[in-house]
Number of protein chains: 2
Amino acid sequence: MKRKITLKQIAKELDVSISTVSKALRNSNEISDDTKEKVQAFARLYSYRPNNIALSLKNRKTKTIGVIIPEIVHYFFSMVIRGIERVALDRHYNVIVGLSNESFDKEVINMETLANGSIDGFILSVSKETLFKQDYHHFNETINQGMPIVMFDRIINEIQCDKVIVDDIEGSKKAVNKLIGNGCTHIALISTKDYVSVGRLRTEGYMNALIEHQLPVNPDLILKVDDKLESEDYLEELEGKVEQLFKENKNLDAVFAVNELYAVTAMKVARKLGLSIPDDVQVIGFTDGVLSRHATPTLTTIKQHGHYLGEQAANLLIDRLENDIEIDEEDEVYQTLVIETELIERESTK
Amino acid sequence: MKRKITLKQIAKELDVSISTVSKALRNSNEISDDTKEKVQAFARLYSYRPNNIALSLKNRKTKTIGVIIPEIVHYFFSMVIRGIERVALDRHYNVIVGLSNESFDKEVINMETLANGSIDGFILSVSKETLFKQDYHHFNETINQGMPIVMFDRIINEIQCDKVIVDDIEGSKKAVNKLIGNGCTHIALISTKDYVSVGRLRTEGYMNALIEHQLPVNPDLILKVDDKLESEDYLEELEGKVEQLFKENKNLDAVFAVNELYAVTAMKVARKLGLSIPDDVQVIGFTDGVLSRHATPTLTTIKQHGHYLGEQAANLLIDRLENDIEIDEEDEVYQTLVIETELIERESTK
DNA sequence: TTTCAACACGAAAACGTTTTCGTTGTCAAT
DNA sequence: ATTGACAACGAAAACGTTTTCGTGTTGAAA
């Protein structure tokens, strides 16, 4: 077992100073060709690589970005991570991942442990509990310490930082417009409670589409289910609610759901009630994940381009990190990028 | 914007030495209560937190573990990460994630950039290309440098390190035994090429079960598809192969597939051919992911407990890191943990 | 022979900690 | 008055780099 070699050891072996070794390796012209040769050969032989930690300490930057997401076993979020990791690798950054698990405390802890020098900036999507409590002190504190944050998807408008969001309103409108275009008039919405920004926005898009087509917004057709029902553990309860929705609205001819799970559940319930998809009921979901592609029937859905979103977020953060000309003034200007959605038509619509 | 405060600044403000501040904050009894009070109050006021990078450099350990996986948009792998992250958080470690994307080069690059001081040890699952090329130099080198590795799921027997694996052979046997118990006699296998360890092992389990029940192993019933067909981009090609399998074996009465995608594809093809599940054909998959739970019909499958596997892997690594009494001798003893599988019965079997 | 530039290299500081080992000053015991 | 112990603190090294600023040596120009 040969431990990693350092400049000091090379210097001692070759009987030169540490500075000489450092310069020789960086091809400084302060050093004679002879010495360079010697040093570089030796370094190659022992496969010297500079210690990242020492570099980080010296440069006061770690070339690492911290990503905090509520959940990783989730198509959209893992797709975003993939995008982040891709540009991070390209631009020579590392990615530290923290999971909030939708918990405020874990979000805070994760951020605090990372903010003490381990990373140069954050990319994050806010946990539901944080959105609910509306306690944003940890975001403000990190920003105040000069550490940039890029928020994505679940964002907080009041926080001054770069943001990348999916065009939820437009996306939902696309979906509902499609249903309307297909002749549906009693379109149900299955959404989350309003404090989850994406649920609120997608609801807004749904209503906008209806209003624009002068269709009535019928509250009975809107089901806002509790968060916990997004967990696999409460599937039956979710199914119950959806079944109730179907039974109380016999004229229902379409469903727009704000995520995959709600959409496939709607399809399952419809099938159970003897309704045919897409003939009796048409269904559109949100997120073009593995479920949408392999459900029966395959699900028409709104694709969010999570991979691209991740790339944009990472570029935004790294750009800011590297352009840090210490503007420092209070006139920092932040961007909000909006990622267009795409309607993917499959078998669940006509 | 107030930058993070350091010991030096506190020392200057309070007109004491850096050492005094450091000791006062750690409650050393070398320091008078008066001074402690003063320093601690000041530190609290400015919310001082020690700089992780400086600590890492001093202690020569980063309290960070590097995780390299082939793919993150994948139920099993993201479940493992969740497990790793959970114990990492508990035991005060960070998690850096690198994706090899099944590429040898990316695996090597990711490992090289992390191995230079950024992390204390690796948890990884080997990329397919690496398994195929059988080039393991990067693993040997990192281990030789004294950096521990824990391999999981896709492991390499020749490499001396801790391992955590799913009991693939037993798991497959359970599945096939179930099918046999249900009266099936012509059980097809849809697997990957043999160089992917899990494909090989699951094939072995399949054969073992047949042999133990004195059923013939019919090569025509074994479909080993190319890796690329695991990608969503080659769905049609995969479907073609599976359809061919069905057509050439009219007596086929069950399918055991080594992953979810193959299993749902088999169900889709069966349905297309007018076969009813589970009456005409019974299907069992591997990995209890979102697909299995929401496919139509829901899929009987072998659950791998990826979350638990991740926890075990992380504990194994951290234990080794913290017990590093520099054994250093060549008599290091490594463990291989085997995680039991579980048969989850659903609608695709009788 | 003197002077000066160019060359090749080394010393030291700095990044932010922790820790070892002094160095004072005070007070009690001899 | 001398010794010793103890309390309270500081200086400095160390972790591994990079970089600035010397410094000594050489050779050529004056």
Side-chain angles (χ1 to χ4, degrees), chain A residues 3-40 42-43 46-64 113 115-120 145-147 324, chain B residues 3-40 42-43 46-64 113-120 145-147:
Chain A
R3 281 235 157 272
K4 300 232 61 172
I5 198 169
T6 69
L7 287 188
K8 193 195 277 196
Q9 296 170 42
I10 300 185
K12 187 185 242 180
E13 271 328 295
L14 268 54
D15 209 46
V16 291
S17 78
I18 296 181
S19 357
T20 304
V21 178
S22 175
K23 289 171 187 164
L25 291 176
R26 331 196 95 243
N27 250 315
S28 159
N29 51 5
E30 281 185 57
I31 306 296
S32 72
D33 290 346
D34 271 10
T35 318
K36 278 189 201 169
E37 268 304 320
K38 213 173 43 175
V39 171
Q40 291 178 1
F42 192 90
Y46 285 87
S47 62
Y48 167 80
R49 299 267 186 291
N51 180 303
N52 283 331
I53 296 292
L55 286 179
S56 296
L57 185 58
K58 179 126 198 33
N59 302 330
R60 275 123 128 249
K61 53 177 72 169
T62 61
K63 295 223 138 211
T64 303
T113 71
N116 297 315
S118 300
I119 62 165
D120 296 339
Q145 290 185 353
M147 176 160 300
D324 217 351
Chain B
R3 281 234 158 271
K4 300 231 62 172
I5 198 169
T6 70
L7 287 188
K8 192 195 276 196
Q9 295 170 42
I10 301 185
K12 187 185 238 177
E13 276 322 299
L14 268 53
D15 208 44
V16 292
S17 78
I18 296 182
S19 357
T20 303
V21 178
S22 175
K23 290 170 186 165
L25 290 177
R26 331 196 95 243
N27 251 316
S28 158
N29 52 5
E30 281 185 58
I31 306 297
S32 72
D33 291 347
D34 271 10
T35 319
K36 277 190 203 170
E37 268 304 320
K38 211 172 44 176
V39 171
Q40 292 177 359
F42 192 90
Y46 285 87
S47 62
Y48 167 80
R49 298 269 185 290
N51 180 302
N52 283 331
I53 295 292
L55 285 180
S56 296
L57 185 59
K58 180 126 201 27
N59 301 330
R60 276 126 125 240
K61 55 177 72 168
T62 60
K63 296 223 138 214
T64 302
T113 70
L114 292 184
N116 297 316
S118 301
I119 62 165
D120 296 340
Q145 290 184 351
M147 176 160 301

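First the proteins, then the strands, lettered A, B, ... as listed; each starts at 1.
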Between Asn29(B) and Ala54(B), whichever has its closest DNA chain D nucleotide further toward 5' is Asn29(B)
Backbone of Leu55(B) reached by a side-chain donor or acceptor of Lys61(B) within 3.5 Å:
no
Query raised in the report: On a plain distance test, is the side chain of Lys58(B) in donor-acceptor contact with the base of dT20(C) below 3.5 Å?
Result: no
Taking only side-chain N and O atoms of Lys8(B), does any of them lie within less than 4.0 angstrom of OP1 or OP2 on dC15(C)?
yes
When every non-hydrogen atom of Asp120(B) is compared with those of Met147(B), the smallest separation belongs to O-CG, 3.7 Å
In whole angstroms, the gap separating P of dT17(C) from NZ of Lys61(B) amounts to 19 Å
Picking from dC9(D), dC9(C), dT18(D), the nucleotide nearest the side-chain atoms of Ile31(A) would be dC9(C)
Is the distance from OP1 or OP2 of dC9(C) to the nearest side-chain N or O of Ser32(A) less than 4.0 Å?
-> yes
message = For a quick test of reading the model: is some side-chain N or O of Arg60(B) closer than 4.0 Å to OP1 or OP2 of dA14(D)?
response = no
Answer with base, sugar-phosphate or nothing: what part of the nucleic acid does Ser22(A) contact at a heavy-atom distance below 4.0 Å?
base
Please check if the number of heavy atoms outside Asn27(B) that lie under 6.0 Å from its CG is greater than 12.
yes
Whole-Å distance, Ile5(B) CD1 to dT17(C) C1', equals 15 Å
When we call it a touch if two heavy atoms are under 4.0 Å apart, what does Ser19(A) touch: a base, just sugar-phosphate, or nothing? base
Here the pair of heavy atoms bringing Ile53(B) nearest to Ser56(A) is CG2-CB, 3.8 Å
Here the distance between atom C1' of dT19(C) and atom CG of Leu25(B), to the nearest Å, is 15 Å
Exercise. How about Asn116(A) and Lys4(B): do any of their side-chain heavy atoms sit closer than 4.5 Å?
Worked result: yes
Review point. Taking only side-chain nitrogens and oxygens of Thr35(A), does any of them come within less than 4.0 Å of OP1 or OP2 of dC9(C)?
Key: yes
Report yes if a donor N or O on one partner sits less than 3.5 Å from an acceptor N or O on the other, where the partners are the side chain of Lys23(B) and the base of dG10(D); otherwise report no. yes
On DNA chain C, more 5' by nearest nucleotide between Glu30(B) and Ile53(B) is Ile53(B)
Between CG of Asn59(A) and P of dA13(C) the distance, given in whole Å, is 20 Å
- Identify whether any heavy atom of Leu55(A) sits under 4.0 Å from a base atom; if not, whether one sits that close to sugar-phosphate; answer base, sugar-phosphate or nothing. sugar-phosphate
Asp34(A) CG to dA8(C) C1', in whole Å, measures 11 Å
Whole-Å distance, Asn52(A) CG to dT18(D) P, equals 11 Å
Leu7(A) CG to dT19(D) P, in whole Å, measures 12 Å
Next on the checklist: Taking 4.0 Å as the cut-off, does a side-chain nitrogen or oxygen of Ser17(B) come that near to OP1 or OP2 on dA11(D)?
Outcome noted: no
(message) A side-chain contact here means heavy atoms from C-beta on lying under 4.5 Å apart; do Ile10(B) and Tyr46(B) qualify?
(response) no
Atom CG of Leu57(B) and atom P of dA14(C) are separated, to the nearest Å, by 17 Å
